[in-house]
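Labels below follow one simple rule: chain letters A, B, ... track the order of the sequence lines, proteins then strands, and each chain is numbered from 1.
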Amino acid sequence: LAKTTQPISMDSYEGQEVNITCSHNNIATNDYITWYQQFPSQGPRFIIQGYKTKVTNEVASLFIPADRKSSTLSLPRVSLSDTAVYYCLVSSTSGTYKYIFGTGTRLKVLA
Amino acid sequence: NAGVTQTPKFRVLKTGQSMTLLCAQDMNHEYMYWYRQDPGMGLRLIHYSVGEGTTAKGEVPDGYNVSRLKKQNFLLGLESAAPSQTSVYFCASSEPRYRSGTSYEQYFGPGTRLTVT
């Protein structure tokens, strides 16, 4: 079964770019990579999803190398309100359904 | 749109008691999921459903049962609660990828905090 590994915590300062990497060595061909943000006492909220190379939306970028064994969530110019826990998810809905969340990275943004 | 709602928000059970957690979504999503979240372990999938009347086991299904009698509702049952089931339970819903396009996201409810003593 695929496992996803993330750093437990990170600190950053306001205005900096933050990169959070997730390792998923056993990723399968049909698996997608998704990142979620979670604030205390709330459910996770979708940030971005990708399969390979680079994906960008209005809040983040997702970098996936050719071997897809890792992925990096990039948050440009973080603010205090970005303090949260960030989870990567490896999932597949082809054949055997699979939803494997990482253990989460607690990001603290400092003023 | 309320999105995904969960009932109740909090519950305390004694070992051996039973209860049902209710999840409702108003987005007409095909897929629904139940996760549990424990400190340091992220979210783990308990059961999921890919359509009304269908359910399937996830990563940690033991001790739980589910039903999806209506498309908008997904029920999680604990027949005989154990202290190991103390956790925060999240329900989510989504469209299948073939219907949602290039990306699909899960919409999560606010969670139910369950304590079993």
Legend entry - Reported CD-to-CZ distance for the pair B:Gln37 and B:Phe108, which is rounded to 0.5 angstrom: 9.0 Å

Legend entry - Heavy-atom proximity to chain B below 4.5 Å, by part of A:Tyr36: side chain

Inset, instruction - Output every pair passing salt bridge (Lys or Arg N to Asp or Glu O under 4.0 Å) with a member in residues 9-19 of chain A, not counting sequence neighbours, ordered by first then second residue. - result: none

Legend entry - Stacked cation flag B:Arg36 on B:Phe90, 6.0 angstrom / 45 deg: no

Inset, instruction - May I ask you to check whether B:Tyr35 and B:Tyr89 place their ring centres under 6.0 Å from each other? - result: no

Inset, instruction - Measure A:Gln38 against the heavy atoms of chain B and call it side chain, backbone, both or neither at under 4.5 Å. - result: side chain

Inset, instruction - Using a cut-off of under 4.5 Å on heavy-atom pairs, state which of A:Ile47, A:Val55, A:Thr103 scores highest against chain B. - result: A:Thr103

Inset, instruction - Take B:Asp38 and B:Arg44 through the salt bridge (charged side-chain N to carboxylate O under 4.0 Å, His left out) test and state the conclusion after the steps. - result: CA-CA 9 Å; B:Asp38 302 296; B:Arg44 292 181 293 168; 2.8 Å; yes

Legend entry - N/O donor-acceptor pair under 3.5 Å between B:His47 side chain and B:Ala56 backbone: yes

Inset, instruction - Examine whether an atom of B:Val4 lies under 4.5 Å from a heavy atom of chain A, and if so say whether it belongs to the side chain, the backbone or both; otherwise answer neither. - result: neither

Legend entry - Residues of residues 12-22 of chain B near chain A, each having a heavy atom less than 4.5 Å away: none

Inset, instruction - Can you tell which part of A:Ile8 gets under 4.5 Å to a heavy atom of chain B, answering side chain, backbone, both or neither? - result: neither

Legend entry - Any donor-acceptor pair under 3.5 Å from A:Thr34 side chain to A:Gln49 backbone: no

Legend entry - Heavy-atom proximity to chain A below 4.5 Å, by part of B:Tyr33: side chain

Legend entry - Given B:Glu30, B:His29, B:Glu52, the one that forms side-chain hydrogen bond (donor to acceptor under 3.5 Å, both in side chains) with B:Lys71: B:Glu30

Inset, instruction - Mind checking the OG1-CZ spacing from B:Thr112 to B:Arg11? Nearest 0.5 Å is all I need. - result: 10.5 Å

